There are 2 protein chains.
Amino acid sequence: MTGSTRKPREGTSRQTGAPTISDVARLAGVSPMTVSRVINAERNVRNSTRDAVKAAIDQLNFAPNRAARSLAGASQLRLGLLYSNPSAAYLSEFLVGSLDQAGRSDVQLVVEKCELGDHEREVVERMISSGIDGVILPPPLCDSRAVLDILIGASVPTVVVATGCPPPQCAAISIDDRGAAQAMVRHLIGLGHVRIGFIAGNPNLTASGRRLEGYRAALAEAGRAFDEQLVADGLFTYRSGLDAADELLELENPPSAIFASNDDMAAATVAVAHRRGLDVPGDLTVCGFDDSALATTIWPELTTIHQPIADMSRAAVEMLVGMLRGKRGEAVIRHMTLDYTLIRRQSDAAPRQRPPVRI
Amino acid sequence: MTGSTRKPREGTSRQTGAPTISDVARLAGVSPMTVSRVINAERNVRNSTRDAVKAAIDQLNFAPNRAARSLAGASQLRLGLLYSNPSAAYLSEFLVGSLDQAGRSDVQLVVEKCELGDHEREVVERMISSGIDGVILPPPLCDSRAVLDILIGASVPTVVVATGCPPPQCAAISIDDRGAAQAMVRHLIGLGHVRIGFIAGNPNLTASGRRLEGYRAALAEAGRAFDEQLVADGLFTYRSGLDAADELLELENPPSAIFASNDDMAAATVAVAHRRGLDVPGDLTVCGFDDSALATTIWPELTTIHQPIADMSRAAVEMLVGMLRGKRGEAVIRHMTLDYTLIRRQSDAAPRQRPPVRI
DNA sequence: GAAATTAATGATAGCGATACCAAAAATGTC
DNA sequence: GACATTTTTGGTATCGCTATCATTAATTTC
C-alpha cells in the first residue's frame with residue numbers, strides 16, 4: 001500500500017533497507033516468532049493475532065528474506081556429480097546443463113572425478129561421508145556395478161543418466177537408444193543401402209545393447225535378414241573402431257554403409273576408409289551416434305544421432321531435487337525419456353550403383 | 001588424501017553434514033575469517049596461508065553456503081564467459097575448470113556463445129547491459145579487437161586467456177607458447193629429424209605467431225636454416241590441417257616430421273599420412289599442441305604440448321574474482337603464466353635412415 | 001636497532017529467519 | 001473454584017558467512 005516512510009536504522013552500514021520480520025513484529029506488537037508462524041501458516045495462532053500481523057505485513061510490504069530463511073531452516077541440498085572420462089565434449093555439455101539447473105534449484109553441486117579402477121570405492125565413499133544428499137551419474141559411471149552398489153548400499157538417492165538399464169533403486173533419465181538406432185538404420189535403408197554394417201559399443205554399457213537392438217529391429221521391419229558378419233565388436237574407443245572397421249571392410253562382400261555406435265568409432269571408420277582409398281560418403285556411408293564434438297571436427301562431418309545432453313543433465317538435477325525435497329511419503333522413483341534427433345551432415349549418401357571395387 | 005573422519009557435531013539436529021568455513025579453518029589451522037578471505041580472493045593473505053587453506057578446501061570438498069553468504073552481505077558476482085568456436089575439446093576443458101572455480105568462489109557464470117561476425121557487438125553489449133561484473137575471454141575471442149574494444153570501452157574488468165599479446169587494460173593468463181613450441185622442435189631435432197615441417201595456426205590468433213617464433217628459434221639455435229617451404233598455413237581446424245599436411249607431403253623433399261600448431265591439425269596430418277600409405281611414426285613423426293581430448297582419442301596417440309587448460313580457466317575466474325572483490329582500491333592488473341608440459345606418446349620417433357620412398 | 005609503517009590474521013557482532021523449549025494464557029474437568 | 005490440559009506466545013540459540021575493528025607479525029625508515 002502506502003510507502004510508509006521507514007526510518008533508516010542507524011548503526012552498521014549493512015542494512016539493506018528491506019523490512020524484516022522484526023519490523024513487522026514491532027508494528028504488530030508481537031514477537032518475531034509469532035510473525036514467523038503467521039508467514040508459515042502454522043496453526044497455533046489466534047485469529048486476532050494473525051490478522052494484526054497480516055495487516056502489519058501488508059503495511060510494510062514485507063517479504064521474507066529467502067537467504068535467511070534457507071539458512072535458518074531447511075539446509076541447502078548438496079548433490080554430487082561423479083564423472084569418469086566420457087568424451088570431453090559430453091562432459092562439458094553435461095556440466096553446463098546441470099550447473100545451470102543447480103543454480104535455479106538453489107542446490108550446491110559437488111563435481112568430482114572418479115576414474116574407474118581401484119579408487120572408485122574411495123572416491124564414492126568420501127563423497128557419501130562428506131554428507132552429500134544425492135548423486136548424479138552420467139555415463140559411463142551410470143553402468144558401473146561397483147559404484148552403483150556402494151551408492152545403493154548406502155541408500156543414497158541416485159539418478160543415472162543415459163544408461164540402457166537403470167537399476168530399480170535409481171531414478172533415470174535417458175533417450176530411446178533403441179529407437180534412435182532404429183531410426184538411423186531406417187534412414188540408411190531409405191537411402192538404398194542393402195548391406196549395412198554395425199559396430200557395437202562396449203558391452204559393459206547397457207546402452208550398447210539397446211543400440212544393437214535398434215539395428216536389428218530396423219532390419220527386421222524392412223524384411224532384411226540379420227547377417228552376423230556385418231556386426232563388429234567395438235569398445236566405444238577410436239582404436240577399437242579402427243579394428244572393427246577393418247574387419248567389416250575386409251569382408252568378401254563389404255557393406256556400403258557402416259553405422260558405428262558412437263562418433264569416436266565412426267571417426268575411426270572414416271580414417272580406415274580413407275586409408276583404403278574409399279571416399280566417404282561416395283564409396284562408403286559412415287554414421288555415428290552422440291553428436292559429440294568429434295562429429296563436427298573431422299571431415300567429412302558425421303551424420304549422427306544428437307542427444308540433448310544438457311537437457312538430460314538439467315532434468316537429472318531437477319528430478320533429484322524433487323526426490324529429496326519431496327515430502328516424506330513415497331519417494332516416487334521416476335524414469336524420464338527425452339527426445340533424440342537424427343542429424344544429417346556429410347558422411348552419408350545413397351550407395352553407388354555397383355559396389356565399389358576392392359583395391 | 002585421507003578420508004578425514006569429520007565428527008558429527010552434536011547439539012541441534014540442524015546440521016547438514018556439509019563442511020563449513022569453520023571446518024576448513026580448523027583443518028588448515030587458521031581462523032574462519034582467513035578462509036573467507038581466500039575464498040573471496042582478497043589480497044592480504046600470505047601465499048603459504050592461502051595454499052594451506054586451498055588444500056583444506058580441496059580435501060573437504062568445501063563450497064560456501066550461498067544462503068549464509070548473501071545473508072551476511074556479500075552480493076553474488078556474475079561473470080560472463082564468452083566463447084566463439086575454439087576446438088570443442090578446448091572449450092569443454094575450459095568450462096570444466098571455470099565452472100568448478102565458479103562454484104568454489106560462489107560466483108555465477110553466464111556462458112554465452114559469441115560468433116565472430118556482425119553479431120559480436122550485439123552479444124557483448126547485451127551482456128554488459130545485463131549487469132555482468134566481469135568477463136572472461138578464452139581464445140579465439142581473446143584476440144578479437146572488436147570484442148576487446150567494446151569491453152575496454154565500457155571499463156568491464158576482463159581476463160583474457162591464452163592470448164599471445166594481452167592488451168594492457170586486461171588481466172591475462174597464458175602459457176609460454178613460444179617456449180613450448182621451441183621445446184617441441186628441440187625434441188624433434190634431438191630425435192634426429194632434419195627436415196621438420198610446421199603447420200601454422202590461425203593468423204588472427206596471436207598465439208599462432210608465438211608458436212611459429214618458437215619453431216624458428218629452435219631451428220636457429222641448432223644452426224639450421226629456415227625453409228619457407230616447410231611452413232604451411234593452417235587455421236586450427238581439422239579441415240585446414242588436411243590441406244596443410246597435403247601441401248607439406250607433396251613437396252619434392254618432404255619433411256620427416258611435422259609439428260602442427262594444434263592437435264586438430266595434427267590429427268588431420270595423421271589422417272593424410274595414412275591415406276598416403278605412410279606409417280606414423282615410422283615414416284612420419286607428427287606432433288601437436290594443446291593435448292586436447294583428440295590427442296588421445298586417435299591412433300597413434302599424439303605427442304603434444306599439454307596446456308593446463310582447466311587450471312588456466314580456474315585461474316582466470318579466480319583472478320577476476322580477486323579484481324572484483326579485492327579490497328584496496330586500485331585493481332592491480334595481473335598477468336600469470338602457467339607451465340606447459342611436453343607429453344610424449346606414440347606419434348614421434350627417430351627418422352628412418354633414408355627418407356621414405358614416395359608412392 | 002628502535003620507532004613508524006604496513007601487511008596479515010584473529011575476535012566479535014551481526015545479517016534475517018527458524019527450531020526448540022519454556023512461559024503465559026486460555027480452556028476444560030471435576 | 002482448584003487443578004490438569006491444551007493453546008498461544010515469547011525467549012534464546014543458532015544457521016554459515018562477512019564487516020569491522022583490534023591485534024599481531026613483517027617491513028621499512030632513519
Side-chain angles (χ1 to χ4, degrees), chain A residues 6 9-26 28-53 57 60 62-78 106 108 131, chain B residues 9-26 28-53 57 60 62-77 104-107 321 325-329 332:
Chain A
R6 300 179 50 258
R9 282 162 282 180
E10 45 248 282
T12 75
S13 60
R14 290 163 73 184
Q15 80 264 9
T16 65
T20 76
I21 201 173
S22 298
D23 295 327
V24 176
R26 206 172 312 125
V30 299
S31 79
M33 205 48 235
T34 300
V35 176
S36 172
R37 291 197 176 93
V38 172
I39 298 170
N40 293 296
E42 288 180 28
R43 267 163 274 137
N44 300 334
V45 179
R46 198 176 310 159
N47 284 335
S48 57
T49 312
R50 186 190 312 278
D51 291 344
V53 172
I57 288 178
L60 294 179
F62 164 87
N65 178 317
R66 285 189 65 179
R69 217 168 186 184
S70 68
L71 215 207
S75 60
Q76 194 189 26
L77 288 180
R78 300 196 329 141
D106 196 38
Q108 185 183 320
Chain B
R9 282 161 282 182
E10 46 245 279
T12 76
S13 60
R14 291 161 74 186
Q15 82 263 9
T16 68
T20 75
I21 203 173
S22 300
D23 294 323
V24 176
R26 206 172 312 126
V30 299
S31 78
M33 203 49 232
T34 301
V35 176
S36 171
R37 291 195 176 98
V38 172
I39 297 170
N40 292 300
E42 287 178 28
R43 298 211 188 77
N44 301 332
V45 179
R46 198 174 307 158
N47 283 336
S48 57
T49 311
R50 185 190 311 278
D51 291 344
V53 172
I57 288 177
L60 293 179
F62 165 85
N65 179 315
R66 294 175 70 179
R69 195 159 213 196
S70 65
L71 219 205
S75 62
Q76 201 189 22
L77 290 178
R104 292 193 194 287
S105 299
D106 192 39
V107 297
V321 170
R325 286 218 252 252
K327 305 298 148 101
R328 274 323 131 96
V332 181

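Note that the structure is predicted; figures quoted are calculated from it, not measured. Lettering follows sequence order; numbering is per chain, from 1. No hydrogens, no waters, no symmetry mates; every other heavy atom, side chains included, goes into these values.
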Student: Once you round it to whole Å, what is the distance between C1' of D:dT18 and CG of B:Asn65?
Tutor: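 It is 13 Å, rounded to the nearest whole Å.
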
Student: Please name all residues satisfying side-chain contact (heavy atoms from CB on, under 4.5 Å) with B:Ala68, sequence neighbours left out, ordered by chain then number.
Tutor: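 B:Ala68 satisfies side-chain contact (heavy atoms from CB on, under 4.5 Å) with A:Leu71, B:Asn65 once adjacent residues are dropped.
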
Student: What is the distance, rounded to the nearest whole Å, between atom CG of B:Leu60 and atom C1' of D:dG16?
Tutor: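 After rounding, the reported distance stands at 15 Å.
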
Student: List in chain and number order the residues that pass side-chain hydrogen bond (donor to acceptor under 3.5 Å, both in side chains) with A:Ser22, two or more places apart in sequence or in another chain; answer none if no residue qualifies.
Tutor: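 By the side-chain hydrogen bond (donor to acceptor under 3.5 Å, both in side chains) rule, A:Ser22 matches no residue at all.
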
Student: Angle between the two end axes of the helix from C:dG1-D:dC30 to C:dC30-D:dG1, five base pairs per end, rounded to 10 degrees?
Tutor: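 It comes to 30° between the two terminal axes.
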
Student: Which whole-number value in Å describes the distance from B:Leu71 CG to D:dC17 C1'?
Tutor: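 Computing the B:Leu71:CG to D:dC17:C1' distance gives 8 Å.
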
Student: B:Asp106 has an atom CG; how far is it from atom C1' of D:dT18, in whole Å?
Tutor: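 Rounded to the whole Å, the gap is 13 Å.
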
Student: Rounded off to whole Å, could you give me the CD1-to-C1' distance for the B:Ile21 and C:dA11 pair?
Tutor: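 That distance rounds to 14 Å.
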
Student: Give me, pair by pair, the N or O atoms of the protein and of nucleotides 5-10 of chain D that are less than 3.5 Å apart, along with how far apart they are.
Tutor:
unit_1: D:dT8; atom_1: OP2; unit_2: A:Asn44; atom_2: OD1; d: 3.0
unit_1: D:dT9; atom_1: OP1; unit_2: A:Thr49; atom_2: OG1; d: 2.4
unit_1: D:dT9; atom_1: OP2; unit_2: A:Arg46; atom_2: N; d: 2.9
unit_1: D:dG10; atom_1: OP2; unit_2: A:Ser31; atom_2: N; d: 2.8
unit_1: D:dG10; atom_1: OP2; unit_2: A:Ser31; atom_2: OG; d: 3.1
unit_1: D:dG10; atom_1: OP2; unit_2: A:Thr34; atom_2: OG1; d: 2.6
unit_1: D:dG10; atom_1: N7; unit_2: A:Arg37; atom_2: NH1; d: 3.4
unit_1: D:dG10; atom_1: O6; unit_2: A:Arg37; atom_2: NH2; d: 2.6

Student: I need the minimum non-hydrogen distance between B:Arg104 and B:Ile57, along with the two atoms involved.
Tutor: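 The answer is NH1-CG2, 4.0 Å.
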
Student: Just how far, in rounded Å, is C1' of D:dG16 from CZ of B:Phe62?
Tutor: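 Computing the B:Phe62:CZ to D:dG16:C1' distance gives 8 Å.
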
Student: To the nearest angstrom, how far is B:Asp51 atom CG from C:dA8 atom P?
Tutor: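 Distance, rounded to whole Å: 14 Å.
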
Student: Could you state the atom-to-atom distance from CD of B:Glu42 to P of D:dC17 in whole Å?
Tutor: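 Distance, rounded to whole Å: 15 Å.
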
Student: Would you say A:Pro32 and A:Val35 make side-chain contact, with heavy atoms under 4.5 Å?
Tutor: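 A:Pro32 vs A:Val35: side chains apart.
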
Student: Using the side-chain contact (heavy atoms from CB on, under 4.5 Å) criterion, which residues pair with B:Ala28? Sequence neighbours excluded.
Tutor: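 side-chain contact (heavy atoms from CB on, under 4.5 Å) check on B:Ala28 returns B:Val30, B:Val53, B:Ala56.
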
Student: Checking A:Arg26 now: which residues fulfil salt bridge (Lys or Arg N to Asp or Glu O under 4.0 Å) with it, not counting sequence neighbours?
Tutor: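 With sequence neighbours excluded, A:Arg26 shows a salt bridge (Lys or Arg N to Asp or Glu O under 4.0 Å) to A:Asp23, given in chain and number order.
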
Student: What pair of heavy atoms forms the shortest contact from B:Ile39 to B:Phe62, and how long is it?
Tutor: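 In terms of heavy atoms, the two residues are closest at CD1-CE2, 3.5 Å.
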
Student: Run the salt bridge (Lys or Arg N to Asp or Glu O under 4.0 Å) test against B:Arg69 and tell me which residues pass, sequence neighbours left out.
Tutor: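 Once residues adjacent in sequence are excluded, the partners of B:Arg69 under the salt bridge (Lys or Arg N to Asp or Glu O under 4.0 Å) criterion are B:Asp106.
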
Student: Could you list the residues that satisfy side-chain contact (heavy atoms from CB on, under 4.5 Å) with A:Ser36, not counting sequence neighbours?
Tutor: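 Once residues adjacent in sequence are excluded, the partners of A:Ser36 under the side-chain contact (heavy atoms from CB on, under 4.5 Å) criterion are A:Ile21, A:Met33, A:Asn40.
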
